[in-house]
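Shown next, in structure tokens, is the structure this report addresses.
All values below come from the heavy atoms of this structure, side chains included, with hydrogens, waters and symmetry mates left out.
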Amino acid sequence: MIRGASLSIRRGTQLLLEQADLVIHPGERAGLVGRNGSGKSTLFAVLLGQLDTDGGEISIPGGWRMASVAQSVIDGHRSARDYVIDGDYVLRALERERELAQSQGASGQKIAELEMALEQAGAWQANSRAETLLAGLGFNADQWSKAVQTFSGGWQMRIALARALMADSDLLLLDEPTNHLDLDAMIWLERWLANYDGTVVIISHDSEFLDAVCNTIIHIEHRKLHRYKGNYESFLTQRAERLRQTQLAWERQTEHAARLQQFIDRFKAKASKAKQAQSRVKALARMQALAPLHAEAAIDIGIPSPQTTPDLLLTLEQVSTGYETAEHAFVPVLEQINVRIQAGERIGVLGVNGAGKSTLIKLIAGELPAVNGQRLPNKHLRVGYFAQHQMDMLDGQANGLQHLLRIAPQITEQAARNYLAQFGFVGDRVSECIAPFSGGEKARLALALVVYHRPNLLILDEPSNHLDAQTRDALSAALAQYEGSLLLVSHDRHLLRSTVDQFWLVAYGTLTLFEGDLDDYRQQIGNFKTARTKSADDSVVTDNAPDRREQRRQQAQARQQLAQATKPLQAALKKLEGQLEKTSARLALLERELADPGFYQQADSQTRQQVLHEQGQLSNDKEDLEMKCLDLMERIEALQQSVAKVCDASNGGD
């Protein structure tokens, strides 16, 4: 097992870990979580032997082979496939040994032994394994033989991830592996990790990814490492209970210490009580001081709501768009797009990698022209567009105040400070150069600049990259309260679930309304990935397209019927859930009031009766609403199961 005892680690002058202990058992999938800057990546550097501890010891079993994602490409001239295979160091070493033996005229027996070792190392399946990894992470077959240096930085990181997965390892260290992945690649990675035999340690701020992959959570908090058994959701529950118990213990100790001090102060001058007072002085000195374990302060993000929001913001009619090559040839990406964006709509954009999601939102944002058809914006449309590489547009030598004053020169410095405080920048932080800021801080600053002019259509392309879990929650809450229209591309399923209420699907060069939720999309992506991975393994395509088209037609028809049947039920359920939320909130308020002993002393009899009556009525209302919600959910589930049977039948019962 991995064991660390009394670990102390510094980065520069900052103490990140102090007398911390660490245990990770073989085969565990441990998520390493904590706020940005808490020391997660530094601990990874220690595990990899790239950094020494400042105190304590850490041990990893000597025979374990380790794999991690390289942060830079070593040889960009290699093809993507060969570069991935290079990750299997054992295989490559055997290949070099065989080449050397052949060049030196080694005996036939030696060559045969090396050939057998290569076979055991999986040499003949190496191409297929590498192609399977590349296909799973979103690369098409015609990209496998391209040089690594021809890909963009994000795609190179995917290749580096595939290289790490290719390694024959016992310990796999992954630092934010989903940052450069879209939703389909992330779902594939979850399934791959589920079948990995070794030990995995993952740094991630994506709660649903951690829920799907991890069975242990290690939380860095207050320079300590706290271990929790279970997934991320279980960690949140356990940590909340730990905070509660620690608070209770501190309160009990504080009360006991106050009683001891009161006795000492009262009797220390009396000879008859001097001995007892001295005894209490010693007891107070021996008492181990506890401190209330406060949860780390959360960041609040305040997105200003638009001043005006027309009913119809934007219309696309028969629009086609794409890009121009260096030879001035037009390459279409999306064609025949017909869509309307209305006030208050909250839309998540889905689609496999390369389908054209970013192209679509650039078109809607006005960053990309409509080659054919018409883009018809309302004259009052005001777009706020957060691009994937929005942080690259920041000036590293400027501070937050300077950035804001550049786009709003008319405001006062105090008004600028007040505005930036809504995004977690307070005190001297607003006047510090942003170059050393964390990725999460830069993302918050970029978002603050995007929304300053109060857009009525907010377009976000992967806004949660680099954000820690608390800041993601703050962003989710802010977007939920935002009163304008929202268009969101994200691989963060928690963010999608909590902020959008409909989905668009970009596929096959066009745009359609996706009738389903993220679980339906996950299943669809899983089927697509399985088919593509099989294609990578077999390198052949069977000619049964007509059958597949008929299956898809039947399934699409069944899903459409499901959507029509469930739409009124879903609407009714949403309304009931809103009523239930309001009722529960009011009931919780009344119950806190009734639990306060002072209420019975201060409130008159009539007020108490009114509160008790309302509390009883709300309890009945809550139970009634819960039963109605349950009934609707059961009806929706029954309809979904009937559609699933149709889909199974069209697939031949597989």
Does the [X] side chain pair with the main chain of [Y], one donor and one acceptor, at a distance under 3.5 Å?
| X | Y | answer |
| --- | --- | --- |
| Arg375 | Leu368 | no |
| His380 | Thr308 | no |
| Lys40 | Arg35 | yes |
| Asn378 | Leu312 | yes |
| Arg382 | Gln307 | no |
| Arg472 | Leu467 | yes |

Inset, instruction - Answer yes when Arg522 and Glu208 have at least one side-chain N-carboxylate O distance shorter than 4.0 Å, and no when they do not. - result: no

Testing the 3.5 Å rule here: is there a donor-acceptor pair between the side chains of [X] and [Y]?
| X | Y | result |
| --- | --- | --- |
| Tyr323 | Thr359 | yes |
| Gln238 | Ser234 | yes |
| Asp461 | Ser358 | yes |

Inset, instruction - Step through the shown structure and confirm whether more than 12 heavy atoms of other residues, nucleotides or ligands are within 6.0 Å of CD on Glu577. - result: yes

Legend entry - More than 12 heavy atoms from other groups under 6.0 Å of CD on Gln342: yes

Legend entry - Pair Phe503 + Tyr521: ring centers closer than 6.0 Å: no

